[in-house]
Amino acid sequence: MMKGSTIEGGVVISRRKGLARGLSIMDFILRIIAAVGTLAAAIAMGTTDETLPFAAQFIRFRAEFDDLPSFVFFVVANSLVCGYLVLSLILSLLHIVKSSAVKSKLLLVVLDTIMLGLATASASAAAAIVYIAHYGNPKPNWFAICQQYNSFCERISASLIGSYLAAAILVILIIFSAVAISRN
């Protein structure tokens, strides 16, 4: 019997294969969590709006996510990353069944890296606008709006959490894939 192997039910199972399968299962679970995070972030940002009445009856101030291009980019990018993560579940399932599929793992590493860049760019662009909304910038006379649009600011701030969570998970997925490729 080989070193590092065990016998279960008359079949020799390699520990290395068991580790690869465990990484593949963890990969699948993390992809689901990241997809839910990006979906929640896109929905939270995309449905954010608030209207404030003014002194006159016919004048109202309204804040919507699509007033700012950075927020539109955030919604579109998180939707794309969510769609990719859902589609990549197929390959992740393949890796659970067949852990020796190196080419598809390499493809996932490349695509995960692209999606990580997209998720990080959109979250960073939105975070910059959220910061200005909360604190303003006195030099160009940009005033903080979060004192007036409280629920708008709470929702756009909360939507960043799902996106940054997905970005962190994508980093972990890239590391898992690299480890799985190096073991083959």
Side-chain angles (χ1 to χ4, degrees), residues 16-48 65-66 68-99 101-135 137 144 146 150-184:
R16 177 177 263 183
K17 208 170 207 176
L19 179 63
R21 185 170 184 175
L23 283 174
S24 295
I25 291 170
M26 186 61 88
D27 179 272
F28 184 78
I29 293 168
L30 288 174
R31 285 183 189 282
I32 292 172
I33 294 169
V36 169
T38 55
L39 180 64
I43 289 172
M45 182 69 79
T47 59
T48 299
F65 88 97
D66 60 354
L68 298 160
S70 293
F71 290 164
V72 174
F73 173 53
F74 181 84
V75 171
V76 170
N78 275 287
S79 300
L80 286 172
V81 173
C82 180
Y84 160 74
L85 287 166
V86 169
L87 291 175
S88 70
L89 289 173
I90 297 167
L91 283 177
S92 189
L93 277 173
L94 171 74
H95 295 151
I96 293 172
V97 175
K98 185 178 178 184
S99 62
V102 176
K103 290 182 182 178
S104 60
K105 287 179 185 177
L106 189 58
L107 176 67
L108 279 181
V109 169
V110 171
L111 293 175
D112 284 350
T113 304
I114 293 169
M115 292 300 137
L116 172 63
L118 185 60
T120 304
S122 68
S124 298
I129 301 301
V130 169
Y131 180 84
I132 295 293
H134 279 283
Y135 302 108
N137 189 346
C146 285
N150 193 25
S151 76
F152 178 79
C153 288
E154 286 175 1
R155 287 190 61 144
I156 61 175
S157 298
S159 69
L160 292 175
I161 295 169
S163 189
Y164 278 118
L165 173 72
I169 289 174
L170 281 167
V171 169
I172 294 168
L173 289 172
I174 292 167
I175 293 170
F176 278 0
S177 295
V179 168
I181 289 170
S182 71
R183 292 188 166 271
N184 284 335

Task: Which atom of A166 lies closest to which atom of T38, heavy atoms considered - done: CB-CG2, 3.3 Å
Task: Interatomic spacing from OG in S157 to CZ in F152 - rounded to 0.5 Å - done: 9.5 Å
Mind listing the side-chain donor-acceptor pairs of residues 167-175 below 3.5 Å, one per line with the distance, residues two or more places apart or on another chain?
none

- [ ] Identify the two heavy atoms, one from H134 and one from A144, that lie closest to each other, and give their separation to 0.1 Å.
- [x] O-CB, 3.3 Å
Task: Distance (rounded to the nearest 0.5 Å) between S159 OG and I43 CD1 - done: 11.5 Å
Open item on the list: Measuring from atom CG of L68 to atom CZ of F73, what distance do you get when rounded to the nearest 0.5 angstrom?
Closed with: 14.0 Å
- [ ] Could you tell me whether the side chain of S163 reaches within less than 4.5 Å of the side chain of M45, counting heavy atoms only?
- [x] no
Task: Pairwise distance CD1(I129) to CZ(F74) - rounded to 0.5 angstrom - done: 12.5 Å
TODO: Tell me, with the steps shown, if F176 and L30 meet side chain to side chain contact (heavy atoms under 4.5 Å, CB included).
DONE: CA-CA 11 Å; F176 278 0; L30 288 174; 3.7 Å; yes
Task: CZ on F71 to OG on S122, rounded to 0.5 Å - done: 11.5 Å
- [ ] Grab the two heavy atoms, one from V179 and one from S182, that are nearest each other, plus how far apart they are.
- [x] O-OG, 2.8 Å
TODO: Any chance you could measure T113, atom OG1, to L108, atom CG, to the nearest 0.5 Å?
DONE: 10.0 Å
Side-chain donor-acceptor contacts of residues 80-95 below 3.5 Å, not counting sequence neighbours, with atom names and distances?
unit_1	atom_1	unit_2	atom_2	d
Y84	OH	D112	N	3.4
Y84	OH	D112	OD1	2.4
S88	OG	R31	NH1	3.1
S88	OG	Y84	O	3.4
S88	OG	L85	O	2.9
S92	OG	D27	OD1	2.7
S92	OG	F28	N	3.3
H95	ND1	L91	O	3.3
H95	NE2	S104	OG	2.5

